Amino acid sequence: MTDSKVMNIAKKRGFLWSSFEIYSGSAGFFDYGPLGAILKSNIIEKWRKYYIIQEGFYEIESPTIMPEEALKASGHVDHFTDPMTECKECMEVYRADHIIEDVIDQEVEGLEDQRLTEILSENQIVCPKCGGHLTHVWSYNLMFQTLIGAKGKKTGYMRPETAQGIFIPFKRLLRFFRGKLPFGVVQIGKAYRNEISPRQGIIRLREFTQAEAEIFVDPSIKTHPKFDKFADDTLTLFSAEQQMNSRELEKINAKKAVEEGIISSEILTYQLCLAARFLSDLGIPSDVIRFRQHLPTEMAHYAIDCWDVEVQTDRFGWIEIIGIADRTDFDLKSHSTHSKEDLSVFIEYDKPKTITKLGVKPDMKKFGPLFKGDAPKILDSLKNLDATVIKKGFDEEGKFKLEIEGKIYEITPDIISFEELEEIIRGEKVLPHVIEPSYGIDRIIYSVLLHSYKENEDRTYLKLEKEIAPIGVSVFPLVNKDELVETANNIRDELRNHGIIAEYDGSGTIGRRYARADEIGVPFAVTVDHETLENHTVTIRNRDDLKQVRKPIKDIYNILVNLLEGRIDFEDI
RNA sequence: GCGGUUGUAGUCUAGUCUGGUUAGGACUUGGGCCUUCCAAGCCUACGACCCGGGUUCAAAUCCCGGCAGCCGCACCA
């Protein structure tokens, strides 16, 4: 299996280690070793080039520990849980909702634990395996809980996603972007989920790194001004319809996917294309990537369309590495309700609209004495009412009954008059919709390693893209002669002065040195040989085809910088 | 979380059943020799019984518990 070969190299050469090894480890945690950490940072840096530089989004950084209220509002405290029940006899643990649905054939999702427990006993549901009694239902929340502060004992949680850290300061962000949609904000950082049983290596972690972008858009404008640049890209889609009819993947032109309504909007399609290009830039071939649409049954209640970018693996099958969703206004609406903050955006019309409407004008001389202390709230209530309703009351019954907090007030024509008001409406307040590409960085790193692994009879190597390879250049003496060793070390130092991560290796024979460098995907090697001493030239070796070219030492620094930054190709030097 | 199974240097493995010398080998890695371009050879060195308890004169070996890996079930907002 490629998986085991790659994970072997990853462990042996310092990309990935399972954490806390000397204390026998803890499932769901991984260390990035020296090479892994550089690879990760190179990949994240590339992500920033895409989303921050190219798309013009801005990055923020928010705490990984969040107070309970914030996650209550987002729904995670109550809903990021699974209802569980256990058999008292054989100790088997089940999802309570699943075994209920199996027996009574009724949707019970979202019901309280108490209610589920009742349903279990009402229907005399027993353990499907041994027929034993089941315990009461409890919620297993996947968030890590902690306490904030020594005294107040305020409950906090490790964030289960970075997204919430962007929604919460929305008002500040909106002001930063000077009140105009659309705008995008990204966050790269750790997120935490206390998985019940993480057993898939780096695929299922309890602490993992996300790179998320939240793009806030006008709900009525889901096009993208730069869609043209991706319109001809080909996407491999596995739509909900295809999945339900168990049909094949469909390769389709991006523009067509929008036109045929397979993907719900142009802006979502744009994000799919952007993700595809990013992955391709990381060296993941397009034939191991597909876009799988969430089925209506699996779609989170807040999303109207969601596509997972999946990568094919030999060990786990298709795994999700990116989720791209239209989250609508769910999050902002929810935070707005809980925090009582107005999180809407004023969207100005192209042309102001003028409308005439009936306004209510109370006669305060009579109004005040009549209602005394209640007057202010009556006024407030009247202002929010449609004046025509009041007028209708007067016309039909000669009065209007206004009910506030259970109390009824009689409004009569002598205390108010009506007036025609002309109002200019320049725009309206709307809650933005959110388009969210959410990257699982650890899974992407796994995919990159997995699909860069190459082997043939002679050698094994990682074909890492030169821009993300942890080590840029290896420098070797052809044989261990003092003069060659010294020159090689000098070249290594000078490469470092040019900003390249370079290593010297003088151990074993030249072949072994190349092999060691290949195994960790070093794209280029510089070899100092006997000719170097005569004419100050060295060879540059290209990892992928083993070709070598000879160049003067003084020229190689700029050549290698240009090669590594992708400005020139090896064939051109 | 349940059941099965496994755990010996960085890696692969012998030894475990049947307790008993200094836990053996190969590869890798470090140092050296040799070597004028792709894991060669020679010398040399470093390096391990998952953790904790128990049984025993004596535990890598037997027993119990924990942890971790693998497989199956379950789970994956």
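What you are looking at is a predicted structure, and each value in this text was computed from that prediction instead of being measured. Residue numbers begin at 1 in each chain, while the letters A, B, ... track the order of the sequences.
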Of all the choices, [options], which nucleotide is nearest to the side chain of [X] once you look at every atom?
X        : options             : answer
A:Asn480 : B:U36, B:C37, B:U35 : B:U35
A:Asn8   : B:C37, B:U35, B:U11 : B:U11
A:Arg512 : B:C37, B:C70, B:A40 : B:A40
A:Phe80  : B:C37, B:A40, B:A77 : B:A77

Tell me which nucleotide, if any, is Watson-Crick or G-U wobble paired with B:C33 when both distances must be under 3.5 Å.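 Here B:C33 is engaged in a pair, and the nucleotide opposite it is B:G41.
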
Going by atom types only, do A:Tyr461 and A:Tyr514 share a side-chain donor-acceptor pair under 3.5 Å?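 Checked: A:Tyr461/A:Tyr514 side chains show no N/O donor-acceptor pair below 3.5 Å.
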
Going by atom types alone, do A:Asp529 and A:Thr527 pair a side-chain donor with an acceptor below 3.5 Å?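 Result is no, nothing qualifies.
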
Could you work out the separation of B:C50 and B:C43 based on their C1' atoms and round it to a whole Å?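 Rounded to whole Å, the distance is 35 Å.
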
State whether [X] places a side-chain N or O below 4.0 Å from either non-bridging phosphate oxygen (OP1 or OP2) of [N].
X        : N     : answer
A:Arg513 : B:U35 : no
A:Arg13  : B:G10 : no
A:Thr527 : B:C37 : no
A:Ser507 : B:U29 : no

NZ or CZ of A:Arg292 within 45° of A:Trp318 ring axis and under 6.0 Å: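 Not flagged: A:Arg292 not positioned over aromatic ring of A:Trp318.
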
